[in-house]
Amino acid sequence: MNIILLGPPGAGKGTQAQRLVERFGMKQLSTGDMLRAAVKAGTPVGLKAKAVMDAGELVSDEIVSALIGDELDAMPEGQGAIFDGYPRTAAQAASLDEILASRGKALDHVIELDVDEDALVERITGRFTCASCGKGYHDKFERPSVEGTCDKCGGHEFKRRPDDNEETVRTRMAEYRAKTAPILPIYEARGIVARVDGMADMDAVTASIEKVLQG
Ligand code: AP5
Ligand code: MG
């Protein structure tokens, strides 16, 4: 099964993708994570992407679609993909159709996380992740059970994203409204969109998504 998690910054795409990976053995394909890895490694893609990401704007369609194609090619046959933060423009949606069709794959569901934008700034500015395994946390909504120790890998170092400040978040939201929200009708016309209440608590959101996946 291949699904898209669609929603504005802070909607919970990454949080829910990590849970689906654990429960169903799917693969999370987050273009944001791929780009951050490229920035960290100082690759040509990373060098191009850094300033754009720090400003909260969108990296070029060609770059992200190439990253997605490469990741899909590296996946074992039969493993399902969770597209997290991709596609984000009409051009990317068209590329994804081609990328999937050329590999004999199809999209099963587009899950739209329906959220209240005002709450998202608090979610994003409180977010941090484990520096070794990437598990996500939040100052208020999901702290490690033992303060300073990652629940998943026992690591003691945590990090925050440079684009998780209020000003950049506002730009990221404006980009979402202008370029990403308008792609929903493409999938609505195919009858594959399910809208999930992203303001519910994390477990309730996971349960709603599982219900959609289990048909
Ligand atoms: P990306 O990394 O994709 O960032 P984003 O879309 O802005 O989304 P976030 O990762 O901020 O939010 P999320 O929905 O994953 O929320 P999370 O689960 O962490 O992209 C970053 C940048 O890369 C872009 O700005 C762009 O420059 C570039 N880029 C990436 N993809 C691109 C593309 N396709 N094309 C062009 N450019 C691209 O949750 C947030 C917090 O809230 C967490 O702390 C979590 O614990 C908490 N939380 C989650 N769910 C709940 C809940 N139900 N209740 C309470 N708290 C919750
Ligand atoms: Mg994310």
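Every number for a ligand or one of its atoms is a count from 1 in the order of the listing.
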*Determine, for Tyr137 and Lys135, whether the Lys NZ or Arg CZ falls below 6.0 Å from the six-membered ring centre while staying within 45 degrees of the axis.*
yes
_I'd like to check whether Val59 has a polar contact with ligand 1, where a contact means an N/O of the residue lying under 3.5 Å from an N/O of the ligand._
yes
*Arg127 to ligand 1: N or O pair under 3.5 Å?*
yes
*Taking everything shown except Lys211 itself, do over 12 heavy atoms lie less than 6.0 Å from its NZ?*
no
*May I ask you to check whether Ala200 has an N/O atom sitting below 3.5 Å from an N/O atom of ligand 1?*
yes
*Identify the closest protein heavy atom to atom 39 (O) of ligand 1: which residue and atom is it, and at what distance?*
Thr15 OG1, 3.6 Å
*Look only at interatomic distance and state if Asp163 has a nitrogen or oxygen under 3.5 Å from any nitrogen or oxygen of ligand 1.*
no
*Give a yes/no on ligand 1: does Gly10 have at least one heavy atom closer than 4.0 angstrom to it?*
yes
_Subset of ligand 1 atoms that lie under 4.0 Å from at least one heavy atom of Gly85_ = 31 (N), 32 (C), 33 (C), 34 (N)
*Evaluating non-hydrogen atoms only, which member of Glu175, Glu57, Lys179 is closest to atom 26 (C) of ligand 1?*
Glu57
*Looking only at non-hydrogen atoms, find the nearest pair between Asp163 and Val169 and report the distance.*
O-CG2, 4.1 Å
*Kindly confirm or rule out an N or O of Arg161 lying under 3.5 angstrom from an N or O of ligand 1.*
yes
*Met34 CE to Glu71 CD distance, which is reported to the nearest 0.5 Å*: 4.0 Å
*Where Pro87 and Tyr187 come nearest, the two heavy atoms and their spacing*: CG-OH, 3.4 Å
*Would you say Gly198 contacts ligand 1, with heavy atoms under 4.0 Å as the rule?*
yes
*Please name the pair of heavy atoms, one in Arg103 and one in Asp73, separated by the smallest distance, quoted to 0.1 Å.*
NE-OD1, 2.6 Å
*Would you please determine whether Met34 falls within less than 4.0 Å of ligand 1 on a heavy-atom basis?*
no
*Output the list of atoms in ligand 1 that are nearer than 4.0 Å to some heavy atom of Gln92, sorted by atom number.*
33 (C), 34 (N), 35 (N), 36 (C)
*Out of curiosity, Lys159 NZ to Asp164 CG, how far, rounded to the nearest 0.5 Å?*
11.5 Å
*Please lay out, stage by stage, how Glu166 and Thr125 fare under the test side-chain hydrogen bond (donor to acceptor under 3.5 Å, both in side chains).*
CA-CA 7 Å; Glu166 183 159 354; Thr125 51; over 6 Å; no
*Give the contacting part of Leu35 toward ligand 1: side chain, backbone, both or neither, where contact means a heavy-atom distance below 4.0 Å.*
side chain
*Which heavy atom of the protein is the closest neighbour of atom 23 (O) of ligand 1, given with residue, atom name and distance?*
Met53 CE, 3.4 Å
*Could you tell me the residue and atom name of the protein heavy atom closest to atom 48 (N) of ligand 1, and the distance to it rounded to 0.1 Å?*
Met202 CE, 3.7 Å
*Shortest non-hydrogen contact from Gly14 to Asp84?*
CA-OD2, 3.5 Å
_So, 4.0 Å and heavy atoms of Tyr137: is ligand 1 close enough to count as a contact?_
yes
*Just need the protein heavy atom nearest to atom 54 (N) of ligand 1, so name the residue and atom and give the distance.*
Arg123 NH2, 3.5 Å
*asked:* Evaluate Asp139 against Arg127 for salt bridge (Lys or Arg N to Asp or Glu O under 4.0 Å), listing each step before the verdict.
replied: CA-CA 6 Å; Asp139 291 329; Arg127 169 171 61 185; over 6 Å; no
*So, do Ile111 and Lys13 sit near enough that their side-chain heavy atoms are less than 4.5 Å apart?*
no
*asked:* Looking only at distances, can you tell me whether any N or O atom of Ile124, backbone or side chain, sits closer than 3.5 Å to an N or O atom of ligand 1?
replied: no
*Heavy-atom contacts with Arg36 under 4.0 Å: which atoms of ligand 1 show up? List them by number with element.*
2 (O), 21 (C)
*Donor-acceptor side-chain pairing of Tyr86 and Ser30 below 3.5 angstrom*: no
_Side chains of Thr168 and Asn165: any donor to acceptor distance under 3.5 Å?_
yes
*Consider ligand 1: state whether an atom of it lies below 4.0 angstrom from any non-hydrogen atom of Gly126.*
no
*Could you go step by step and tell me if Arg172 and Glu57 meet the salt bridge (Lys or Arg N to Asp or Glu O under 4.0 Å) rule?*
CA-CA 6 Å; Arg172 285 157 57 196; Glu57 290 161 7; over 6 Å; no
_Considering both backbone and side-chain atoms of Thr31, is one of its nitrogen or oxygen atoms within less than 3.5 Å of a nitrogen or oxygen in ligand 1?_
yes
_Nearest-contact summary for atom 15 (O) of ligand 1 - protein heavy atom, Å_ = Gly14 N, 2.9 Å
*Looking at ligand 1, does any of its N/O atoms fall within less than 3.5 Å of an N/O of Gly12?*
yes
*Does atom CD of Glu157 have more than 12 heavy-atom neighbours, drawn from other residues, nucleotides or ligands, at distances under 6.0 Å?*
no
*What about Met199: any of its N or O atoms under 3.5 Å from an N or O on ligand 1?*
no
_I need the contact type for Val64 against ligand 1. Using non-hydrogen atoms and a strict under-4.0 Å cut-off, is it side chain, backbone, both or neither?_
side chain
*Can you find a side-chain donor-acceptor pair between Thr180 and Arg88 that sits under 3.5 Å?*
no
*asked:* Closer than 4.0 Å to some heavy atom of Phe141 - which atoms of ligand 1 meet that?
replied: 55 (C), 56 (N)
*asked:* Please report whether ligand 1 has a polar contact with Arg172, defined as an N or O pair separated by less than 3.5 Å (distance criterion only).
replied: yes
*Would a hydrophobic clustering, with Ile, Leu, Val, Met, Phe, Trp and Tyr connected at side-chain separations under 4.5 Å, put Val193 with Ile209?*
no
*To which of Arg19, Glu142, Arg88, Lys13 does the heavy atom nearest atom 24 (C) of ligand 1 belong?*
Arg88
*Find all atoms of ligand 1 within a distance of less than 4.0 Å from any non-hydrogen atom belonging to Gly32, and give their numbers and elements.*
1 (P), 2 (O), 20 (O), 30 (C), 31 (N)
_In this structure, does ligand 1 have an atom that sits under 4.0 Å from one of the heavy atoms of Gln16?_
no
